[in-house]
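First the structure, in the form of structure tokens, and then the observations on it.
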There are 2 protein chains.
Amino acid sequence: MNNTSKEELILEAAMDEFIARGWSGARMQSIADRAGINKTLLHYYYRSKENLYEQIVRRTMEYFFGSIFRKISGIENFEEFLRTFINTLIDLSSDNPRLPMFIMQELSRGGEAVLAILNDVLSRNNPPVTVVMLRNITRAMDQGKIRKISPIQLIMTLLGSSLYFAMAEPIVMKIGGMNGFMEGFDRKSFLEERKKEIFELIYRGLENRVADHG
Amino acid sequence: MNNTSKEELILEAAMDEFIARGWSGARMQSIADRAGINKTLLHYYYRSKENLYEQIVRRTMEYFFGSIFRKISGIENFEEFLRTFINTLIDLSSDNPRLPMFIMQELSRGGEAVLAILNDVLSRNNPPVTVVMLRNITRAMDQGKIRKISPIQLIMTLLGSSLYFAMAEPIVMKIGGMNGFMEGFDRKSFLEERKKEIFELIYRGLENRVADHG
DNA sequence: AAAATGTTTGACCACATGGTTAAACATAAT
DNA sequence: ATTATGTTTAACCATGTGGTCAAACATTTT
């Protein structure tokens, strides 16, 4: 049980707390409890709530964007890119359901500091995820593999479709539970089905076929 | 300037504050300031923060689900249903960008009380929005207008695609601003374009055509 | 005019929370 | 052995926040 272990323990506890309750909801005492240590030690390692928070935000963004980057960079084939991107987003968000909302929420709320972190994190991947995505889409369009669309719109649709369920899962389950449909719901198989359905829907929707019916 | 007016002013102020900062971030003093009154009067009308919050949640949900219900109920044609649903979601969420996230966040966090409100709100529409949506989709499937898919998956995709941009707008703009693409961005036309692109993509993706290539 | 209701002022309280401090103890590094 | 570092205990402080109270003033209702 060396120092790194406790420092790491604290970070993980803080991550849980901040992601679950947000900046204003998070409690230093609660973080200490989760980490199994006391408040004094918390301040010993991380001077203030602000400081700790900043490190959590960085960590979270690195994890999120890093994961996506590692999975999609290097893929040349559009179909594979599409499938991988969707799968990665769904896996990421279903493993860490509060993560996407945390990132979005804190980026809306946060000031310069949070933006600087985002900037820093994104610029570490070369080329940045955003560029990789745009390239894949425009290339597929140029090659005539998909019809002409707005790349940014497609990216929005992909992100929304893939991330939404994890974000809305609590409410979906509640509404579903109330109305009765959703009995025998199996999360794992639902998510696998989701991957396929999104891919299928979007891939078909992008098909570049000459108007074949009116 | 009668009493109803002030009571209403407070509600609106509280709505802004709660939606912008969430439960733990919202401040009673700040609500009073926004409403242009003092804290005492705030407690005079709404006893406690909890109580005020509950009314805001109810109001918000009534507004959100009510708007959707009013727009889509009664529509028989699937294409029209699809288009209207997408348009409504985009208009609603772009007019009130924090609303969807507020609802989702507070429903994850909130206990029995919030769930009870949701239940109450949803049961006031007959048939509930959820049922209307499911019906439209299954009917279209039965009539062979669209291919066989999982209705719930489609609904998730529709919600995600349509709501996501408003939720992620701050981060999208920041990333977009950093990378340079997104110059001359016009929100209004982007949103109109978004409506069309989502509809087009999903409508094509749902088409029920016999395998015509492979 | 009188009563009821709306509204402000300003002081006040209890409590939670972020943060500090000093002293003692534990464990590892020199 | 001694020093440096990690860790706990427990008390403590300043501040912010939800909430209250009493008294006065304003406006509407009766």
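Throughout, protein chains are lettered first and strands after them, A, B, ... in sequence-line order, and every chain is numbered starting at 1.
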*Inter-end axis angle, the helix from dA1(C)-dT30(D) to dT30(C)-dA1(D), with every axis fitted to five base pairs (rounded, 10 degrees)*: 10°

_Distance below 4.0 Å between Arg27(B) side-chain N/O and dG18(D) OP1 or OP2_ = yes

*Residue pairs involving residues 11-31 of chain B (criterion salt bridge (Lys or Arg N to Asp or Glu O under 4.0 Å); sequence neighbours excluded)*: Glu17(B)-Arg21(B), Glu17(B)-Arg34(B)

_Atom-to-atom span, CG of Leu41(B) to P of dG18(D) - whole angstrom_ = 17 Å

*Can you tell me the distance, in whole Å, between the CE atom of Met28(A) and the P atom of dT20(C)?*
10 Å

_Length of the NZ-C1' vector between Lys49(A) and dG16(D), whole Å_ = 12 Å

*What integer distance in Å separates Leu42(B):CG from dG10(C):P?*
18 Å

*Between atom CD1 in Ile10(B) and atom P in dT8(C), what is the gap in whole Å?*
9 Å

*Report which part of the nucleic acid Ala32(A) touches: base, sugar-phosphate, or nothing (heavy-atom distance under 4.0 Å, all strands).*
nothing

_I need the single residue from Glu169(A), Glu192(A), Glu193(A) that forms a salt bridge (Lys or Arg N to Asp or Glu O under 4.0 Å) with Arg187(A). Which is it?_
Glu169(A)

*Ala14(A): what forms a side chain to side chain contact (heavy atoms under 4.5 Å, CB included) with it, not counting sequence neighbours?*
Phe18(A), Ile31(A), Leu52(A), Ile56(A)

Polar-atom pairs under 3.5 Å, protein N or O versus N or O of nucleotides 20-23 of chain D: list them with distances, or write none.
none

*Round to a whole Å and report the spacing from CD1 of Ile31(B) to P of dT17(D).*
12 Å

*asked:* Counting only side-chain heavy atoms from C-beta out, which of dT7(D), dG19(D), dT7(C) sits nearest to Lys6(B)?
replied: dT7(C)

*asked:* Taking only side-chain N and O atoms of Tyr44(B), does any of them lie within less than 4.0 angstrom of OP1 or OP2 on dT7(C)?
replied: no

*Answer yes or no: is there a donor N or O on one side and an acceptor on the other, between the side chain of Arg194(A) and the main chain of Gln153(B), under 3.5 Å?*
yes

*Would you mind reporting whether Ile198(B) and Met156(A) have side-chain heavy atoms less than 4.5 Å apart?*
no

*Between dG19(C), dG6(C), dG6(D), which nucleotide has the shortest distance from any of its atoms to the side chain of Tyr45(B)?*
dG6(C)

*Sequence neighbours excluded, every pair satisfying salt bridge (Lys or Arg N to Asp or Glu O under 4.0 Å) that has a member inside residues 126-138 of chain A*: none

*Can you check the Leu9(B) CG to dT8(C) P distance for me, whole Å?*
11 Å

*When you look at NZ of Lys71(A), are more than 12 heavy atoms from neighbouring residues, nucleotides or ligands closer to it than 6.0 Å?*
no

*Please identify each residue that fulfils ring-ring contact (aromatic ring centres under 6.0 Å, His included) with Phe165(B), with sequence neighbours left out.*
Phe190(B)

*asked:* Without decimals, in angstroms, what is the distance between Asn38(A) CG and dG18(C) C1'?
replied: 15 Å

*Electrostatic pair Arg47(B)-Glu54(B), nearest N-O below 4.0 angstrom*: no

